[in-house]
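Structure, as structure tokens:
Every chain is numbered from 1, with letters handed out A, B, ... down the list of sequences.
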2 protein chains.
Amino acid sequence: MEALSLSSAKLAFNPSHFRPNYFRFLSLSSPSIFPKFKSPPSISPNRSAISVIKCCSTFSAKPSSELRKLRQARANHDEKLRALRELFSKPGVGIDAYIIPSQDAHQSEFIAECYMRRAYISGFTGSAGTAVVTKDKAALWTDGRYFLQAEKQLSSDWILMRAGNMGVPTMSEWLNDVLTPGSRVGIDPFLFSFDAAEELRDDISKKNHELVLLSKANLVDEIWKDSRPQPPRKPVRLHELKYAGVDVSSKLSWLRSQLANDGCSAMVITKLDEIAWLLNLRGSDIPHSPVMYAYLVVETDQSKLFIDDSKITSEVMGYLQNAGVELRPYDSILNAVENLALEGAHLLIDTATVNAAIANTFKSASNNKKEYKSRSYGSSNGGSNGATAVYRSSPISLAKALKNHAEIEGMRNSHLRDAAAVVQFWSWLEAEISKGLTLTEVEVSDKLLEFRSKQDGFVDTSFDTISGSGPNGAIIHYKPEPDSCSIVDPEKLFLLDSGAQYIDGTTDITRTVHFGEPTSREIECFTRVLQGHITLDQAVFPENTPGFVLDSFARSSLWKIGLDYRHGTGHGVGAALNVHEGPQSISFRFGNLTPLQKGMIVSNEPGYYEDHAFGIRIENLLFVKEMDTPNRFGGLAYLGFEKLTFVPIQSKLIDLSLLSAVEVDWLNDYHDQVWQKVSPLLDGLERQWLWENTRPLVKQ
Amino acid sequence: MEALSLSSAKLAFNPSHFRPNYFRFLSLSSPSIFPKFKSPPSISPNRSAISVIKCCSTFSAKPSSELRKLRQARANHDEKLRALRELFSKPGVGIDAYIIPSQDAHQSEFIAECYMRRAYISGFTGSAGTAVVTKDKAALWTDGRYFLQAEKQLSSDWILMRAGNMGVPTMSEWLNDVLTPGSRVGIDPFLFSFDAAEELRDDISKKNHELVLLSKANLVDEIWKDSRPQPPRKPVRLHELKYAGVDVSSKLSWLRSQLANDGCSAMVITKLDEIAWLLNLRGSDIPHSPVMYAYLVVETDQSKLFIDDSKITSEVMGYLQNAGVELRPYDSILNAVENLALEGAHLLIDTATVNAAIANTFKSASNNKKEYKSRSYGSSNGGSNGATAVYRSSPISLAKALKNHAEIEGMRNSHLRDAAAVVQFWSWLEAEISKGLTLTEVEVSDKLLEFRSKQDGFVDTSFDTISGSGPNGAIIHYKPEPDSCSIVDPEKLFLLDSGAQYIDGTTDITRTVHFGEPTSREIECFTRVLQGHITLDQAVFPENTPGFVLDSFARSSLWKIGLDYRHGTGHGVGAALNVHEGPQSISFRFGNLTPLQKGMIVSNEPGYYEDHAFGIRIENLLFVKEMDTPNRFGGLAYLGFEKLTFVPIQSKLIDLSLLSAVEVDWLNDYHDQVWQKVSPLLDGLERQWLWENTRPLVKQ
């Protein structure tokens with residue numbers, strides 16, 4: 001087994017070059033700041049999937065109750081650790097520690113089961129965590145969301161590192177503490193972005209440890225063997241032009257002109273949603289995200305898609321040939337990158353997302369060619385014939401965020417069907433509860449899935465439903481489990497945050513309701529959250545405004561009485577793609593300078609959470625549009641939002657005396673639109689429910 | 001003449017160490033973002049000063065009409081340039097270019113006449129500008145505020161560099177373009193902060209130019225000779241404890257504990273307001289700022305004030321002896337710094353403010369001692385016996401910004417007297433105009449000074465009054481000149497931004513009024529500016545919130561109709577000190593991460609400016625206080641503002657239909673407070689005017 005060592009590798013970085021790193025929000029040291037970055041990966045078999053046949057027979061969605069069953073038994077940990085440590089001394093390995101992160105090779109938010117190596121080796125199934133195994137110790141870092149779960153799931157062989165708690169070392173600090181100076185720390189370089197690997201290398205070099213990149217095989221896979229689930233092989237489907245808006249040829253031409261501008265001859269793309277967006281393809285390899293495992297290399301005159309060809313139907317095959325995209329085996333990506341170096345490519349690499357295996361293979365092959373030149377971050381130099389790595393943010397990230405007319409139409413349409421399903425659900429739930437029936441948090445979220453799955457073009461949930469009654473609503477990343485969840489208590493607030501993937505769009509909505517008599521405290525808090533929601537919804541702002549400038553609009557009303565919430569106010573959303581995407585956000589964290597731009601989609605989701613009591617969140621999706629303001633000071637466009645989500649907001653939770661006349665008008669206008677747009681999709685009692693829940697309120 | 005060369009000098013900087021640089025807002029490349037950073041320096045003789053005898057006979061204030069007369073004739077420029085260039089080849093000089101900035105040696109906003117070297121050499125008297133003279137060229141950089149003035153004032157020997165215009169090079173770019181590579185560029189290192197000199201050195205090193213620090217004498221002074229005004233020698237006075245709140249011993253003890261925490265044995269202080277604050281002294285060396293030219297060195301067991309001793313009365317002498325502060329000649333600062341190095345001091349240097357002459361003298365003397373160690377920015381190492389420069393922000397900056405009870409009381413009291421004077425003025429002006437009298441912008445601002453100067457404890461104006469009728473109000477940095485200003489047109493909006501120094505406080509207020517029938521456009525814009533003012537005034541926010549988070553509150557209402565303003569919303573204000581101080585600000589520029597903290601004073605001054613038509617600004621001063629919120633989410637204090645300024649806002653400019661009920665209540669409550677607080681200081685027609693202008697409005 002060949003070991004790539006990073007210890008002698010140093011590429012020039014310019015630390016002053018600011019680079020918003022959206023998904024850093026997911027890192028252990030700073031737990032997710034959006035309520036929806038939440039789902040622990042599901043480790044469940046494929047049985048009991050609800051088949052959805054309306055749009056295409058290959059789609060399936062698993063009910064939450066299934067998705068959440070823990071298959072992993074607490075057994076054989078000693079054996080696994082022993083087997084893993086045995087590999088440390090194998091020829092070509094020779095390491096003193098091995099790090100097993102949560103990631104797949106594409107920095108995906110949700111991952112396929114076969115890549116859940118950290119869960120396999122440690123037994124801990126939460127979505128965030130990193131395992132480190134040394135010759136005599138094993139430690140697992142996770143954040144506050146998962147302390148209880150990790151305590152239950154980890155065997156006594158493991159040390160639980162409660163990240164963020166006082167005195168708990170970071171992974172690097174711990175490695176520097178427990179290893180003899182000059183040790184060798186192994187990683188699978190596919191599972192670390194180049195940036196993350198470089199940071200790790202720097203951190204452990206303080207004790208002269210060497211970072212060893214073991215790219216030939218993942219050591220956990222070697223012991224997992226036959227019990228390891230097969231990699232997903234779901235067929236890839238075309239994302240129709242009527243939903244995509246721009247054909248693949250135009251997107252590839254655009255990307256090539258971007259590469260030419262940057263002095264690049266090629267780009268390697270590893271983010272699965274970027275590949276899906278660029279090629280107008282969709283997949284089913286991962287729960288919640290309609291993407292397929294693949295890499296894509298775009299060169300000046302050709303493109304190569306690295307994918308398991310069993311996923312490629314003859315229709316897709318013809319489509320790709322037509323677009324000039326050749327197929328290559330998924331596992332041959334490193335060879336291809338090596339060839340690019342040997343051919344002298346100027347390769348654009350987004351080091352925040354491209355994994356260290358790919359980035360270092362290119363670098364290493366370029367060095368072997370003796371023509372490699374270290375490049376400053378973001379600089380390019382077209383004058384050399386030598387292979388050159390050009391480190392830049394992916395241009396696809398922003399382009400994907402700026403939705404075109406067809407994408408916005410798809411989002412509008414899918415949101416109306418989704419609204420119909422959600423209204424059916426609330427109408428049903430209110431009726432059941434009024435009958436005195438007892439339902440659990442998981443049962444109701446399964447029922448919501450059932451309503452959604454009947455809608456045209458339904459594909460999947462877009463994330464694990466957050467269904468929290470009373471105090472569970474105050475746990476921002478709450479994930480009810482069938483065997484431990486609460487009932488939906490009619491005397492408490494109930495928070496439901498859910499979303500779906502449709503063939504034409506992606507939804508994400510939160511409503512908070514009460515089935516009985518809310519307290520005055522609950523009403524005041526709900527009303528102030530609503531005021532924040534309205535203020536952000538109604539904001540108008542000049543172009544070039546970063547999202548964080550608007551974040552305080554959503555908090556102002558809560559701040560007046562000394563309340564706040566500990567998550568961001570808005571995240572980007574893909575069009576029939578990932579429910580979380582960058583580069584924009586609306587957050588109190590002011591590191592993200594990406595301006596909000598026409599066509600971007602963001603969530604608007606202020607909240608308030610009272611520990612051990614209740615949680616409130618009101619979430620709509622919005623898209624950014626140009627406003628027809630009577631002035632354009634500074635020659636700038638002024639931007640604002642248009643709503644995509646049309647589901648009633650519960651009136652009984654609103655204290656009208658707190659609302660201004662403008663706010664009451666907003667609410668009445670919104671409910672009028674909800675009725676106009678969604679009632680045609682409903683009939684009977686559900687239509688009646690919608691009528692009753694969209695009546696205008698009158699402030700005395 | 002000894003020349004210190006910076007080309008071989010390199011101190012370790014950590015660029016990732018963020019350091020808000022408040023006064024960078026004044027740099028040429030980014031013209032002032034606050035309306036009040038505006039006053040071109042006055043170059044007028046001392047005659048015609050209005051003597052103010054109420055508090056102390058040494059104070060005097062010059063009327064604007066005097067302050068603004070330009071004494072500088074457009075003559076002899078050739079002769080000056082020839083004489084200056086002759087000095088280039090003197091032994092110990094040997095330079096190819098000389099840079100003459102606007103600054104004094106203390107980075108003061110306003111400076112004494114004898115330091116206006118750039119105005120002397122170039123003839124251009126605007127407040128911002130940098131002159132560069134090479135052997136055969138002379139160029140002057142200034143910003144858009146001063147293009148017209150510079151065109152008029154510069155002789156044909158000068159190239160006017162319109163900074164910010166397309167294609168105009170920066171000073172360094174120009175030097176790199178016109179000088180033969182490897183040239184020597186001279187500066188007076190007293191007139192550049194260490195940071196600015198380092199930046200300049202870096203910039204010109206691209207063409208191998210060497211930065212030559214000519215610290216022995218300023219070349220312009222050498223040719224200015226006898227016609228150069230004498231350095232100011234106004235007596236220094238005590239700032240009484242009842243106004244300062246904390247005695248000098250306590251402040252020095254606090255500073256020494258700060259130094260000890262940073263591993264420092266001494267600090268050199270060059271900012272004049274920091275010296276005045278620390279020693280509870282005030283001076284009259286500079287218009288608008290009650291400070292005296294001095295340096296201060298605080299060591300563990302002694303302090304030395306470097307000042308012209310003719311300014312020190314026997315009372316102050318005794319006071320300083322009592323406080324353990326020794327006197328040294330102003331010009332002996334470099335010797336003292338050299339001695340500190342030789343004694344092995346660990347010297348705290350704020351490189352953003354301390355001039356390059358002082359910082360480099362310490363460095364050079366430390367190097368000669370062969371024990372000097374280059375230090376990382378912000379780091380300190382107490383283990384060495386060698387002289388060490390510790391580069392840190394001055395701890396005084398923040399301490400000075402956090403006003404104590406006595407300082408806030410002084411601000412409150414002086415604001416009420418100031419409000420009485422301002423009300424007298426508006427009452428007078430309205431009466432004069434209703435009589436059909438014609439008054440110029442300068443005449444009315446002189447009258448305002450007359451009213452203010454009658455108030456107890458009046459010392460000076462706190463900046464040059466901005467008095468702009470109609471289109472002049474749209475020039476954010478407008479400065480009316482007696483010979484060219486407009487009349488106050490009764491049919492146009494009139495913007496008046498002014499302030500005063502009192503013995504117990506500093507004021508800064510803007511009101512915009514109309515004496516006739518405002519247009520609906522003017523009313524809509526004024527109302528939206530007022531809404532922004534109210535929203536910021538009423539903001540509540542958790543501690544640790546930087547000012548920029550609140551900036552959008554003040555713009556939101558304007559944004560809704562596509563309007564905005566191109567300056568910040570709030571700046572810090574000193575207590576009987578500089579009208580502009582850091583470290584806090586409220587601005588759309590999000591570089592300043594300083595949180596707003598209890599006791600800070602900020603201005604609240606949104607505006608709107610319609611080119612060639614009118615300007616609107618509404619400005620009050622506020623202080624930050626802890627709010628008694630019913631909750632304290634996150635265990636944090638929630639902060640808000642309390643008003644210091646109590647002067648009516650003109651009702652006829654308000655469209656009540658645009659205001660919410662809460663906004664109308666704010667206005668009525670404010671006017672009620674104005675009446676309650678200010679009416680006791682008035683009688684007769686002025687009291688009647690106040691009554692009429694504070695009546696509650698009723699929204700239909």
Residue part contacting chain A, namely of [X], when any heavy atom lies under 4.5 Å:
X: B/Phe553; value: both
X: B/Ala539; value: backbone
X: B/Tyr638; value: side chain

**Message:** Quick check: do B/Leu593 and A/Phe590 have side-chain heavy atoms less than 4.5 Å from each other?
**Reply:**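 Side-chain contact under 4.5 Å: yes.
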
Only pairs of heavy atoms separated by less than 4.5 Å count here; which of [options] has the most with chain A?
options: B/Glu610, B/Arg555, B/Gln538; result: B/Gln538
options: B/Ser660, B/Ser556, B/Pro542; result: B/Pro542
options: B/Tyr565, B/Tyr608, B/Phe541; result: B/Phe541

**Top of A/Val662, A/Leu563, A/Leu636 for chain B proximity - count of heavy-atom pairs under 4.5 angstrom** =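 Maximum pair count with chain B is reached by A/Leu563.
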
**Request:** Quick one: closest heavy-atom pair of A/Ile561 and B/Asn631, and the distance?
**Result:** O-ND2, 2.7 Å

**Prompt:** Can you name the nearest heavy-atom pair linking B/Leu550 to A/Trp559, along with the distance?
**Reply:**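 That closest heavy-atom pairing would be CD2-CZ3, 4.4 Å.
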
**Asked** Do other residues, nucleotides or ligands put more than 12 heavy atoms under 6.0 Å from B/Asp628 CG?
**Response** no

**Prompt:** Take atom NZ in A/Lys699; do more than 12 heavy atoms of anything else shown fall under 6.0 Å from it?
**Reply:**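 Result for NZ/A/Lys699: enclosed.
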
